[in-house]
**Q** 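One structure is given below, represented as structure tokens, and several questions about it will come after.
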Amino acid sequence: MIVVLSGAPGAGKGTQGDLLAARCGFRKISTGDALRNQVKLKTQIGLKAEAIMATGNLVPDGVLFEILRTELGTRKDERILLDGYPRNVNQAETLSTLGDVHPVAGVIHLDVKRENLVRRLSGRRVCSKCGATYNVEYKAPKRESVCDNCGGEVAQRADDQADKVAVRLDVFSTSTEPVFDFYRRRSLYTRLDGEGDTEEVFSRLQEVVHRLLKT
Ligand code: AMP
């Protein structure tokens with residue numbers, strides 16, 4: 001079964017998803033991470049996706065479906081946490097077609113105010129080697145631009161620059177928010193307050209996830 005963790009860029013999906021994976025036995029699939037990996041490996045998909053990702057727009061649905069199918073696999077007994085998919089209604093419909101093996105148990109929307117999203121994203125820095133995330137405002141690496149975990153280079157993601165952030169937030173409003181109605185109509189939607197510190201948000205998230213696992 002799948003739990004979808006959704007929300008605008010910067011809402012904390014990655015951080016919360018990692019915690020759920022570590023503490024509650026979910027296998028996390030992040031389509032953004034999968035795409036960045038394809039870019040790094042310079043595969044056909046990566047070459048196609050790189051330029052689009054740099055603008056902040058969505059990569060075509062067909063490309064995402066290929067990634068999704070590969071990442072999901074065919075095991076029925078897994079708890080999967082999906083981060084970053086579906087990002088539009090067409091993707092939500094596509095996900096429904098895989099429902100025999102991978103039914104969606106619920107969609108959790110981490111909701112954070114736009115001004116806070118902009119603040120989080122503009123300060124975000126990521127290790128290019130291990131993916132650890134930092135924030136120049138409230139969680140800077142001990143040595144500037146050097147990862148505390150692995151010594152890799154810590155830098156800003158190209159799509160975290162202010163003009164790209166504006167595009168990504170607009171894409172979220174126009175393409176991804178309609179996905180919430182899609183799941184609301186199927187009684188699978190839960191809004192979660194994503195403001196506050198990581199552990200506070202995680203305890204709210206855990207309550208919702210436990211409820212979904214019982215149903
Ligand atoms: P993320 O790390 O989830 O913010 O994703 C980074 C970028 O990858 C997005 O801005 C899109 O360009 C692309 N991407 C990730 N997931 C999807 C998706 N489900 N559909 C289309 N593009 C995606």
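Here the structure is a predicted model, which is why all the values come from computation and not from measurement. When reading the values below, keep in mind they use all heavy atoms of this one structure, side chains included, and skip hydrogens, waters and symmetry mates. When a ligand or atom number is given, it counts from 1 through the structure's own listing order.
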**Q** Regarding atom 11 (C) of ligand 1: of the candidates N88, N57, D61, T31, which has the closest heavy atom?
**A**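 That would be N57.
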
**Q** Suppose we measure from atom 19 (N) of ligand 1 to each protein heavy atom; which comes out shortest, and what is that distance?
**A** G84 O, 2.8 Å

**Q** Applying a 4.0 Å heavy-atom criterion (strictly less than), which segment of K13 is in contact with ligand 1: side chain, backbone, both, or neither?
**A** neither

**Q** I'd like to know if the side chain of R87 and the backbone of S175 have a donor-acceptor N/O pair within less than 3.5 Å.
**A**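 Not at all, since once roles are kept as given, no pair shorter than 3.5 Å links the two residues.
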
**Q** For the pair D148 (side chain) and K142 (backbone), establish whether a donor and an acceptor sit closer than 3.5 Å, ignoring hydrogens and angles.
**A** yes

**Q** Taking atom types as modelled, find out whether Q38 and T43 have a side-chain donor-acceptor pair closer than 3.5 angstrom.
**A** yes

**Q** If you measure every N or O of Q91 against every N or O of ligand 1, does any of those distances drop under 3.5 Å?
**A** yes

**Q** Considering only heavy atoms of R157, which atoms of ligand 1 have at least one such atom less than 4.0 Å away?
**A** 1 (P), 2 (O), 4 (O), 6 (C)

**Q** Mark the output for L35 as yes if a heavy-atom distance to ligand 1 is under 4.0 Å, and as no if none is.
**A** yes

**Q** Check each of M53, R168, R87, E50 against atom 5 (O) of ligand 1 and report the one with the nearest heavy atom.
**A**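 Nearest heavy atom to atom 5 (O) of ligand 1 lies in R87.
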
**Q** Starting from atom 22 (N) of ligand 1, find the nearest protein heavy-atom neighbour and note its residue, name and distance.
**A** V59 N, 3.1 Å

**Q** Could you tell me whether P86 and ligand 1 have an N or O pair separated by under 3.5 Å?
**A**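 Checking ligand 1 against P86, no N or O pair falls under 3.5 Å apart.
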
**Q** Record the part of L64 in heavy-atom contact with ligand 1 below 4.0 Å; permitted values are side chain, backbone, both and neither.
**A** side chain

**Q** Looking only at heavy atoms of R36, does any of them come nearer than 4.0 Å to an atom of ligand 1?
**A**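 Per 4.0 Å heavy-atom rule, R36 contacts ligand 1.
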
**Q** Which side-chain N or O atoms in residues 99-113 pair as donor and acceptor under 3.5 Å with protein atoms at least two apart or in another chain?
**A**
residue, atom, partner, partner atom, Å
H102, NE2, G73, O, 2.9
H109, ND1, Y189, OH, 2.8
D111, OD2, R191, NE, 2.8

**Q** At their closest point, which heavy atom of C127 faces which heavy atom of G152, and how far apart are they?
**A** SG-CA, 4.0 Å

**Q** Answer side chain, backbone, both or neither: which part of K164 comes under 4.0 Å from ligand 1, heavy atoms only.
**A** neither

**Q** Run the salt bridge (charged side-chain N to carboxylate O under 4.0 Å, His left out) test against E115 and tell me which residues pass, sequence neighbours left out.
**A**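 Scan of E115 (salt bridge (charged side-chain N to carboxylate O under 4.0 Å, His left out), adjacent residues dropped) gives none.
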
**Q** Between E137 and R119, does a salt bridge (charged side-chain N to carboxylate O under 4.0 Å, His left out) hold up when you go through it step by step?
**A** CA-CA 9 Å; E137 270 190 52; R119 197 168 50 85; 3.5 Å; yes

**Q** Quick one: is the NZ or CZ of R114 closer than 6.0 Å to the six-membered ring centre of F172, and within 45° of its axis?
**A** no

